Amino acid sequence: MLTWLYMSGVVKHVVSAFSGRLWRPNLDAKSMSQEQWLLNISEHPPSSWNHLGYWKEAASYERACVELAGLLADRACLRATDRVVDVGFGCSDQLLIWVDYYQVQSLQAFSKVYWQQQQARRRCEPFSQVKIHKGDHMALAQLPESSVDKVLALDNAYYFSDKGGFFRECRRVLTDEGSLALTDMVLVRPPGGRWEQFVWETLARMAGVPLANLITREQYQRLLEAQGFEQVTVSDITDDVFSGFLYWQQQHYMSLRTFTGRQRWFKVRLTATFIRWFLVRDLVRYLLVTAR
């Protein structure tokens, strides 16, 4: 019986979760939000991923997150000679992929969250080509014109307050041959009816997503072209992102809620509710976008 419990992973979940229940993580010391801790609680060695992941062939959260990062990097055609900017990074794990796996020439990474900056500085210390800065998506204004080969935004562009301004700054700092690569959500149609509009606005506000920047795929492409991007490529990866995350998150939550307590899962469950509601009503799609 004990052997079965160990081999099935139950003991691992119990020990990890029970220790978390007795000791609430010190977020400053651990450099991880509560939501990141919950999402990564079963990963060994520990990771700090904090996005939806790409689930086409992945079975674990860490693998799905690595796959989405790799897909973005491949579409951006990251090379060892590239000068890269990561805008609004959610965790240091993605930065290590850019510098350790793709071995880019230089990486400037921006985050407005202090503990994310500190964690990134510690974990990226062996890589002298990495510079961590305080700032959001508009911090690109600090960079000289035509000084960057690639701008990356991994699963965070739907939080940006000024998407048009961001695209304009990207075009300014990128070289003539440079490119922008990001993942983002777009509208399929405007919400219809008062009730759908009310739920839409409420969920978006709770999730911190600016409604004004959720536009249709056609509007998105026109916005990029208006800022000087001529080659825009868009891939719809909704099914391999949303559906996979929803299934995994439900299983993950059900296996751990007894030990962690349900109240800690509020933001994670809210994200799942947000996505599920989108999918049922066919309101939003999830895209991988590259622009040159």
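Keep in mind the model is a prediction, meaning the values are calculated, not measured. When a residue number appears, it is its place in the shown sequence, counting from 1.
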Can R269 and Q250 be said to form a side-chain hydrogen bond (donor to acceptor under 3.5 Å, both in side chains), step by step?
-> CA-CA 9 Å; R269 299 289 286 169; Q250 181 65 17; 2.8 Å; yes
Whether [X] side chain and [Y] backbone form a donor-acceptor pair below 3.5 Å:
{"X": "S243", "Y": "D240", "value": "no"}
{"X": "Q36", "Y": "S48", "value": "yes"}
{"X": "D100", "Y": "L96", "value": "no"}
{"X": "R276", "Y": "L246", "value": "no"}
{"X": "Q116", "Y": "G90", "value": "yes"}
{"X": "K267", "Y": "E35", "value": "no"}
{"X": "W55", "Y": "L52", "value": "yes"}

Does the side chain of [Y] come within less than 4.5 Å of [X]'s, by heavy atoms?
{"X": "V234", "Y": "L288", "result": "no"}
{"X": "L211", "Y": "N213", "result": "no"}
{"X": "W248", "Y": "L39", "result": "yes"}
{"X": "D82", "Y": "Q105", "result": "no"}
{"X": "F166", "Y": "Q227", "result": "no"}

Ring-face cation of R292 near F229 (centre distance under 6.0 Å, axis angle within 45°) = no
Indicate whether the side chain of [X] and that of [Y] have a donor and an acceptor atom separated by less than 3.5 Å.
{"X": "R121", "Y": "Q118", "answer": "yes"}
{"X": "Y286", "Y": "D155", "answer": "yes"}
{"X": "Q103", "Y": "R79", "answer": "no"}

Look at [X] together with [Y] and state whether they make a salt bridge at an N to O cut-off of under 4.0 Å.
{"X": "R189", "Y": "E196", "answer": "yes"}
{"X": "E169", "Y": "R172", "answer": "yes"}
{"X": "E218", "Y": "R222", "answer": "no"}

If you count the non-hydrogen atoms of other residues, nucleotides and ligands that lie under 6.0 Å from CD in E177, is the total more than 12?
-> no
Determine, step by step, whether D239 and K56 satisfy the salt bridge (charged side-chain N to carboxylate O under 4.0 Å, His left out) criterion, reporting the C-alpha distance in whole Å, the side-chain angles of both residues, the deciding distance to 0.1 Å, and the verdict.
-> CA-CA 8 Å; D239 294 340; K56 189 171 185 177; over 6 Å; no
Passes side-chain hydrogen bond (donor to acceptor under 3.5 Å, both in side chains), S47 versus D93? Steps please.
-> CA-CA 7 Å; S47 61; D93 296 79; 4.9 Å; no
What pair of heavy atoms forms the shortest contact from D184 to Y158, and how long is it?
-> OD1-N, 3.2 Å
Where do M185 and V209 land on the side chain to side chain contact (heavy atoms under 4.5 Å, CB included) test, with the steps shown first?
-> CA-CA 10 Å; M185 298 184 195; V209 177; over 6 Å; no
